There are 2 protein chains.
Amino acid sequence: MKPTDSELEILHVLWTNGPSTVRQVYDTLSQSRDIGYTTALKLMQIMYEKGLLSREEDSRSHIYTAAVSEEDTQRNLVDRFVETAFRGSASKLVMQILGQHKASREELDEIKNLLSDLNRDAGRQDLSD
Amino acid sequence: MKPTDSELEILHVLWTNGPSTVRQVYDTLSQSRDIGYTTALKLMQIMYEKGLLSREEDSRSHIYTAAVSEEDTQRNLVDRFVETAFRGSASKLVMQILGQHKASREELDEIKNLLSDLNRDAGRQDLSD
DNA sequence: TGTTTACTACGAAATTATTCGTAGATCAAT
DNA sequence: ATTGATCTACGAATAATTTCGTAGTAAACA
């Protein structure tokens, strides 16, 4: 299931704020962009049908929850993105980002540490390109 | 302007093979997926109108060339992707990829070297999150 | 109780992307 | 010169996404 851009926006609100009504999602969303209430509602209904959201129908205003985790979703999106934009070469993507200085020093250090760990048992490393 | 997935496929063919006719692009493309000749033609015509491709109309079969570089395009796509999928945190994206072991040992080493260079003059580093 | 307010459901318009068929022109080879 | 292959241009069907209006219902409250 690939969420569309609009769907991702809604997922982000739910991941950040936790289970919410359409009204709450709408309030958050409308701060950052122009959107009607029924548009948000419709989107969330569609996402519910797709299985991206679950909902409690107890009260009159339903309470929606993200039915997919942020981690799983991001992993899927990254896989797809690497495939379409970088022809499967994940390392080219990483190089591209790092070359752009799009990380703070602390983050670079953190990444470096992760790399050391990975290098330590590189015997079973995937060979993606 | 953001190329669609289909447009990216065509750009990749042109980046890889250099200036080509519709027929040549079609031959390459049809090896990996089901597509009609006039579909490829139409796509390339649209991309020409959008400015994604340029073309030589000298001969009867026009010769198309990518009008945008692979690097620029990838940079744009990455920026957009980081924004929509990772809420602007490029480092989270990198961590996500590295955590997935989506790079060979050689590539990891290469990345490590790049990181060392970056760390060396980290004083002027961007702080993206 | 009657009116306003807030909610869901649903249909459908508007937009964008993808697909292909057909028409007409050009070229190559008989 | 006629035929057949190949090319472009173009219109239009299809599909996916995003948008919002309207109708109906339930709740709140004056």
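To find a chain, count down the sequence lines: A is the first, B the second, and so on, and within it residues start at 1. Given the structure is predicted, the values throughout are model-derived calculations rather than measurements.
By the 6.0 Å contact criterion, CG on D72(B) is enclosed, its count of non-hydrogen atoms from other residues, nucleotides or ligands being greater than 12.
In this structure, L41(A) places its CG atom 13 Å from C1' of dT22(D), rounding to the nearest Å. Summarising the geometry, the separation between OH on Y48(B) and P on dT8(D) is reported as 13 Å, rounded to the nearest angstrom. Nucleotide dT8(D) holds its P atom 6 Å from the NE2 atom of H62(B), rounded to whole Å. A straight line from CD of Q24(B) to C1' of dT6(D) spans 14 Å, rounded to a whole angstrom. Separating the CG atom of D58(A) from the P atom of dA27(D) is a distance of 13 Å, rounded to the nearest angstrom. As a whole-Å value, the separation of Y26(B) OH from dC7(D) P is 11 Å. Whole-Å rounding puts the E57(B) CD to dA25(C) C1' distance at 15 Å. Between D5(B) atom CG and dT19(C) atom P there is a gap of 11 Å when expressed in whole angstrom units.
Distances shorter than 4.0 Å separate some side-chain N or O of R55(A) from OP1 or OP2 on dA9(C). Residue Q45(A) has a polar side-chain atom (N or O) positioned under 4.0 Å from OP1 or OP2 of dA9(C). Checking the phosphate oxygens (OP1, OP2) of dT18(D), a side-chain nitrogen or oxygen of T4(A) falls inside 4.0 Å. Distances shown here put a side-chain N or O of R33(A) below 4.0 Å from the OP1 or OP2 atom of dT19(D). A sub-4.0 Å separation between OP1 or OP2 of dT18(C) and a side-chain N or O of S6(B) is present. Here Y37(A) reaches the OP1 or OP2 of dT8(C): one of its side-chain N or O atoms lies under 4.0 Å away.
Distances from the side chain of S61(A) to the nucleotides dT17(D), dT6(D), dC7(C) place dC7(C) closest. For T39(B), whose side chain is taken as the heavy atoms from C-beta onward, the closest listed nucleotide among dC20(C), dC20(D), dC7(C) is dC20(C). Distances from the side chain of L43(A) to the nucleotides dT8(C), dC20(C), dT19(D) place dT19(D) closest. Of the candidates dT8(D), dA17(C), dA12(C), dA12(C) carries the atom nearest the K42(A) side chain, counting heavy atoms from C-beta on.
Between I46(A) and R60(A), the residue anchored closer to the 5' end of DNA chain D is I46(A), taking for each the nucleotide with the nearest heavy atom.
Here the closest non-hydrogen pair linking R33(A) and S6(A) is NH2-OG, 3.9 Å.
Aromatic ring pairs are classed by plane angle as parallel below 30°, tilted from 30° to 60° and perpendicular above 60°; the pair Y64(A) and H62(A) is tilted. Using cut-offs of 30° and 60° on the angle between ring planes, the pair Y37(A) and Y26(A) is perpendicular.
Look at K50(A) and E7(A) and you find a salt bridge, because one of the NZ, NE, NH1 or NH2 atoms lies within 4.0 Å of a carboxylate O, short of that distance.
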